[in-house]
2 protein chains.
Amino acid sequence: MTRHGSPGMEVPTPMRENRGMQRNTRQRSAILEALSRQDDFRSAQQIHEQMRADGETVGLATVYRNLQALAQSDRLDVLVGDDGETRYRQCEATGHHHHLVCRECGRTVEFLAPELEAAMSRIAREQGYTDLDHTLEVFGLCTGCEAARAEATAR
Amino acid sequence: MTRHGSPGMEVPTPMRENRGMQRNTRQRSAILEALSRQDDFRSAQQIHEQMRADGETVGLATVYRNLQALAQSDRLDVLVGDDGETRYRQCEATGHHHHLVCRECGRTVEFLAPELEAAMSRIAREQGYTDLDHTLEVFGLCTGCEAARAEATAR
DNA sequence: AACGACATGACAATCATTCTCACGAGCAGT
DNA sequence: ACTGCTCGTGAGAATGATTGTCATGTCGTT
């Protein structure tokens, strides 16, 4: 387990999933803990603010660094809003998946759609594109917000 | 056509497609002209720079304002990159469509995919979401860049 | 030609994010 | 537990895209 001796020995695979995160720190634990209590996508600043409110003492730069590192190691999902602000969320699904986000309250549902993946791949390949990747997010009004809006309109 | 007199009179529909653009100016024409000569998504700053290089005298703020206004009236397509920079492009397709973008050179192909739209709508409705909207962009390497990469790797 | 509203341009201001660098604290080996 | 080597942290400065301000220009109409 220890990596003593053996000159030229490379750090094995486990490191791959830990880019920029060799150590466990109080701050990182706190950030993950804060995220685990949220259901929607939050910006770094929102997360930081919430942590301060909860009595945690963490620097804003640290929050940014950790969110970024966690996202790179696929432990968080990222969503870049229309306003350019980056938001993060701890997801249930482990692999590739998409989101259905309420544009009013932020409530988020994860979904898989193999048909969509296949269709996109086909279209891209027909055009000669390779090494594919994509972004797909769906926005709408969840049942609760739809009801609230209907009521507001009715009066 | 003139909106004199008639107190309480509202500006009719045509205005809807012209938000923030009542007048034609040399600057706006120049911006559209510059865009028409580009095939890929460009940032406001890139466009501004190009115009200066072409001898146009336009303020950066003006470029930002016009691109924004044009995008709002659906005369331009918008793409927010991973880095948060907003890029614009003049599209062939008039209605709703998506893009296949080369992540290396920016070459862009527009495509329609009714099957995708339908599948997304179905999934969202199953979850009780209404008033839907979505973002979908596909990235990859175009034939040219793929070839270039292959050659670079080979040597 | 005159006028009034909207558009422009130079520059300041804002806002999210990243950088810098001195200091603090994991973790491996003792 | 002790030490040392690093990496991680924190405070504030710096960056960079975008937006606000406001005096001045000019479009489209009278």
Side-chain angles (χ1 to χ4, degrees), chain A residues 1-7 9 11-12 14-15 18-32 34 41-52 55-73 76 78-88, chain B residues 1-6 9 11 14-15 18-32 34 41-52 55-73 76 78-88:
Chain A
M1 193 59 65
T2 53
R3 64 176 102 140
H4 52 66
S6 298
M9 182 187 194
V11 178
M15 205 252 158
N18 246 44
R19 275 188 283 185
M21 292 187 292
Q22 281 86 27
R23 294 176 188 177
N24 296 323
T25 64
R26 168 181 63 79
Q27 290 86 341
R28 175 167 313 132
S29 306
I31 290 171
L32 283 169
F41 280 88
R42 291 293 183 81
S43 71
Q45 314 228 28
Q46 287 176 313
I47 293 163
H48 179 247
E49 203 172 344
Q50 179 196 330
M51 294 180 71
R52 304 289 285 220
E56 297 284 350
T57 59
V58 184
L60 180 56
T62 301
V63 174
Y64 271 101
R65 276 188 294 247
N66 277 290
L67 289 174
Q68 198 173 261
L70 288 164
Q72 272 194 26
S73 57
L76 288 182
V78 184
L79 190 50
V80 181
D82 295 335
D83 56 358
E85 228 181 337
T86 308
R87 278 171 247 270
Y88 301 86
Chain B
M1 192 59 64
T2 53
R3 63 176 103 141
H4 52 64
S6 298
M9 183 189 191
V11 179
M15 204 249 160
N18 247 41
R19 276 189 281 187
M21 292 187 292
Q22 280 85 25
R23 293 179 188 174
N24 297 322
T25 64
R26 167 180 63 79
Q27 290 85 342
R28 176 165 313 129
S29 305
I31 290 171
L32 283 169
F41 281 89
R42 296 290 253 263
S43 72
Q45 314 228 29
Q46 287 176 314
I47 294 163
H48 178 248
E49 204 171 345
Q50 180 196 329
M51 295 179 71
R52 304 289 285 219
E56 297 284 349
T57 60
V58 184
L60 180 55
T62 301
V63 174
Y64 271 103
R65 276 189 294 248
N66 277 290
L67 288 174
Q68 199 173 264
L70 288 164
Q72 272 193 27
S73 58
L76 287 183
V78 184
L79 189 51
V80 181
D82 294 334
D83 56 358
E85 228 181 338
T86 308
R87 279 173 248 268
Y88 301 87

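Each chain gets a letter, A, B and so on, in the order the sequences are listed, and its residues count up from 1. Note that the coordinates shown come from a computational prediction; the quantities given were computed from them, not determined experimentally.
The interatomic distance linking M51(B) (CE) with dT8(C) (P) rounds to 11 Å, in whole Å. A straight line from NE2 of H48(A) to C1' of dG12(D) spans 13 Å, rounded to a whole angstrom. One atom, CD1 of I47(B), and another, C1' of dT18(D), lie 14 Å apart when rounded to the nearest Å. Rounded to whole Å, atom C1' of dC7(D) lies 16 Å from atom CZ of R26(A). For the pair L32(B) CG and dA7(C) P, the interatomic distance rounds to 14 Å; values are reported in whole Å. Summarising the geometry, the separation between CG on D83(B) and C1' on dA17(D) is reported as 10 Å, rounded to the nearest angstrom. When rounded to the nearest whole Å, the span between CE of M21(B) and C1' of dT8(C) equals 16 Å. In this structure, Q46(B) places its CD atom 10 Å from P of dA17(D), rounding to the nearest Å.
Taking side-chain N and O atoms only, Q27(B) has no distance below 4.0 Å to OP1 or OP2 of dG25(D). Between T62(A) and dG8(D) there is no side-chain polar atom (N or O) within less than 4.0 angstrom of OP1 or OP2. Residue T25(A) places at least one side-chain N or O under 4.0 Å from the OP1 or OP2 atom of dT9(D).
Looking only at side-chain heavy atoms (C-beta outward), L70(B) and M21(B) come within less than 4.5 Å of each other. Taking the side chain as every heavy atom from C-beta outward, I31(B) and E56(B) never approach each other to under 4.5 Å. For the pair T57(B)/R26(B), a side-chain contact is recorded, criterion being any heavy-atom separation below 4.5 Å from C-beta on. Residues V63(B) and Q46(B) fail the side-chain proximity criterion, which asks for heavy atoms closer than 4.5 Å.
Residues R87(B) and S43(B) come closest through the heavy atom pair CG-N, 3.6 Å.
The residue among N24(B) and V58(A) whose nearest nucleotide of DNA chain D is located toward the 5' end is V58(A).
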Quick test: give all pairs of protein nitrogen or oxygen and nucleotides 16-19 of chain C nitrogen or oxygen below 3.5 Å, distance rounded to 0.1 Å.
residue : atom : partner : partner atom : Å
dA16(C) : OP2  : Q45(A)  : NE2          : 3.4
dA16(C) : O5'  : Q45(A)  : NE2          : 3.2
dT17(C) : OP1  : T86(A)  : N            : 2.9
dT17(C) : OP1  : T86(A)  : OG1          : 3.1
dT17(C) : OP2  : Y64(A)  : OH           : 2.7
dT18(C) : OP1  : Q68(A)  : OE1          : 3.1
dT18(C) : OP2  : Q68(A)  : OE1          : 3.3

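Note that the OH atom of Y88(A) and the CG atom of L67(A) stand 5.5 Å from one another [nearest 0.5 Å].
Remark: the R23(B) side chain and the dC6(C) base include a donor-acceptor N/O pair separated by less than 3.5 Å.
A donor-acceptor pair under 3.5 Å links the side-chain atoms of R28(B) to the main chain of R23(B), judged by distance alone.
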